[in-house]
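Because the structure is a prediction, the values reported are computed rather than measured.
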Amino acid sequence: MCSSDLDATAAKALADAGWDAYALGDLVVAREKLSAAVATGQAAPWVSYALGFAQYALGQFDAAAQSWTRVRTAVPQFMPVYFDLADAFISLGRGTDALGILRDAAKRWPTEPEPQNALGTQLVRRGALDEAIDIFTALTTARPADSLGFFNLGRAHQLRYLKLQQNAAAARIPTAASIGDDDRQKAIAAFRKYLTLGGPFEKDAKDAIATLDWK
């Protein structure tokens with residue numbers, strides 16, 4: 001048996017041991033075994049993926065980001081790793097890097113709801129409401145059955161409405177009450193569509209409509 005075959009055999013044994021430890025909740029042993037398997041250079045991408053979860057659960061966000069970057073490089077068509085990598089960057093306070101990863105995912109899968117919703121949500125967190133609304137509008141137009149897209153669209157319109165209201169009040173504009181009313185109405189319409197389609201945020205949507213309907 002040649003050395004590469006021995007390395008592959010060792011990598012598999014280490015990976016299997018690491019996965020068994022992970023399944024039992026022993027994250028430290030899982031990290032050690034999976035890391036050793038990756039170090040052989042013969043481990044399959046799933047080993048780095050599992051290693052990233054063990055590292056992330058142990059609070060080693062930078063190490064997890066490195067593991068998931070390897071997976072993304074080796075298997076760029078594997079969508080879930082983009083979201084995991086973005087989470088690692090967010091945990092590291094690297095919001096710009098997280099946004100870049102999500103932009104890449106949204107570009108690779110332009111018609112898939114999950115990358116679009118993830119990108120739009122991150123934009124909302126960063127206060128880029130105009131771009132987020134454009135993304136959610138395009139998503140709900142292309143995927144009219146995507147309830148989460150409508151919820152996110154409603155939330156983005158609601159936040160922009162509130163921001164416009166606050167700015168108008170601070171500037172003592174006489175017509176402040178009517179500022180942003182288009183966003184208010186679009187938010188209500190999106191939340192109502194969400195309720196029609198159904199989803200886990202029914203109470204949030206109803207509360208938002210009640211608040212937006214009161215003038």
Side-chain angles (χ1 to χ4, degrees), residues 56 61 65 79-215:
Y56 190 90
F61 305 128
M79 186 192 297
V81 76
Y82 289 78
F83 309 128
D84 298 319
L85 186 51
D87 285 342
F89 283 144
I90 290 170
S91 296
L92 288 165
R94 295 167 57 182
T96 299
D97 291 328
L99 189 61
I101 291 296
L102 294 175
R103 285 192 189 282
D104 187 12
K107 183 178 179 181
R108 285 176 178 273
W109 295 281
T111 62
E112 290 297 322
E114 192 171 2
Q116 309 307 318
N117 276 314
L119 173 58
T121 298
Q122 180 64 8
L123 287 166
V124 168
R125 289 174 182 157
R126 294 172 67 84
L129 297 175
D130 294 349
E131 186 179 357
I133 286 171
D134 287 343
I135 288 171
F136 293 137
T137 299
L139 170 61
T140 53
T141 299
R143 293 292 188 99
D146 181 55
S147 63
L148 181 58
F150 279 103
F151 181 84
N152 286 333
L153 177 60
R155 184 68 77 203
H157 274 299
Q158 180 185 25
L159 290 173
R160 190 165 72 177
Y161 166 67
L162 293 173
K163 181 179 179 180
L164 290 170
Q165 284 279 295
Q166 290 168 358
N167 291 342
R172 298 178 182 274
I173 297 175
T175 58
S178 63
I179 298 294
D181 196 61
D182 183 58
D183 275 312
R184 184 184 71 84
Q185 293 184 37
K186 287 181 178 178
I188 291 172
F191 283 129
R192 285 177 175 164
K193 181 65 175 179
Y194 172 80
L195 291 173
T196 299
L197 293 169
F201 306 116
E202 179 179 341
K203 182 181 184 302
D204 294 309
K206 287 181 176 178
D207 289 346
I209 290 172
T211 300
L212 290 162
D213 253 341
W214 184 85
K215 289 189 64 179

Go through the steps for Leu212 and Gln185 under the test side-chain contact (heavy atoms from CB on, under 4.5 Å), then give the verdict. CA-CA 8 Å; Leu212 290 162; Gln185 293 184 37; over 6 Å; no

Between Asp182 and His157, is there a side-chain heavy-atom distance shorter than 4.5 Å? no

What's the verdict on side-chain contact (heavy atoms from CB on, under 4.5 Å) for Phe136 and Thr121, showing C-alpha distance, side-chain angles and the deciding distance? CA-CA 9 Å; Phe136 293 137; Thr121 298; 4.2 Å; yes

Looking at every non-hydrogen atom in both residues, tell me the closest pair between Leu129 and Ala156 and how far apart they are. CD2-O, 4.3 Å

Of all heavy-atom pairs linking Phe201 and Leu148, the shortest is CE1-CD1, 3.9 Å

Spacing of CD belonging to Gln122 relative to CG belonging to Asp87, to within rounding of 0.5 Å: 9.0 Å

Is Arg143 salt-bridged to Asp146, going by a charged N under 4.0 Å from an acidic O? no

Using 0.5 Å steps for rounding, measure from the CG atom of Leu85 to the CD1 atom of Ile90. 10.0 Å

To the closest 0.5 Å, what do you measure between CG (Asn152) and CG (Leu119)? 11.0 Å

What closest approach, in Å, do Gln116 and Glu112 show between heavy atoms, and which atom pair accounts for it? CG-O, 3.2 Å

Here the pair of heavy atoms bringing Leu92 nearest to Ala65 is CD1-CB, 4.4 Å

4.5 Å side-chain heavy-atom contact, Met79 and Pro115: yes

Looking at every non-hydrogen atom in both residues, tell me the closest pair between Tyr194 and Pro200 and how far apart they are. OH-N, 3.0 Å

Interatomic distance, Lys206 atom NZ to Thr211 atom OG1 [nearest 0.5 angstrom]: 14.0 Å

Looking at residues at least two apart in the chain, or sitting in another chain, which of them share a ring pair (Phe, Tyr, Trp, His ring centres under 6.0 Å) with Phe191? Phe151

Interatomic distance, NZ@Lys186 vs OG1@Thr137, rounded to 0.5 Å, equals 7.0 Å

So Lys193 and Thr140, do their side chains get closer than 4.5 Å, heavy atoms only? no

List the atom of Gly154, the atom of Ala187, and the distance in Å for their closest heavy-atom pair. O-CB, 3.5 Å

Taking 4.0 angstrom as the limit, do Lys107 and Asp104 come out as a salt bridge? no

Just verifying a value: how many Å separate Ile188 CD1 and Tyr161 OH, rounded to the nearest 0.5 Å? 8.5 Å

Output yes when a side-chain donor or acceptor of Gln165 lies under 3.5 Å from a complementary backbone atom of Ile179, and no otherwise. yes

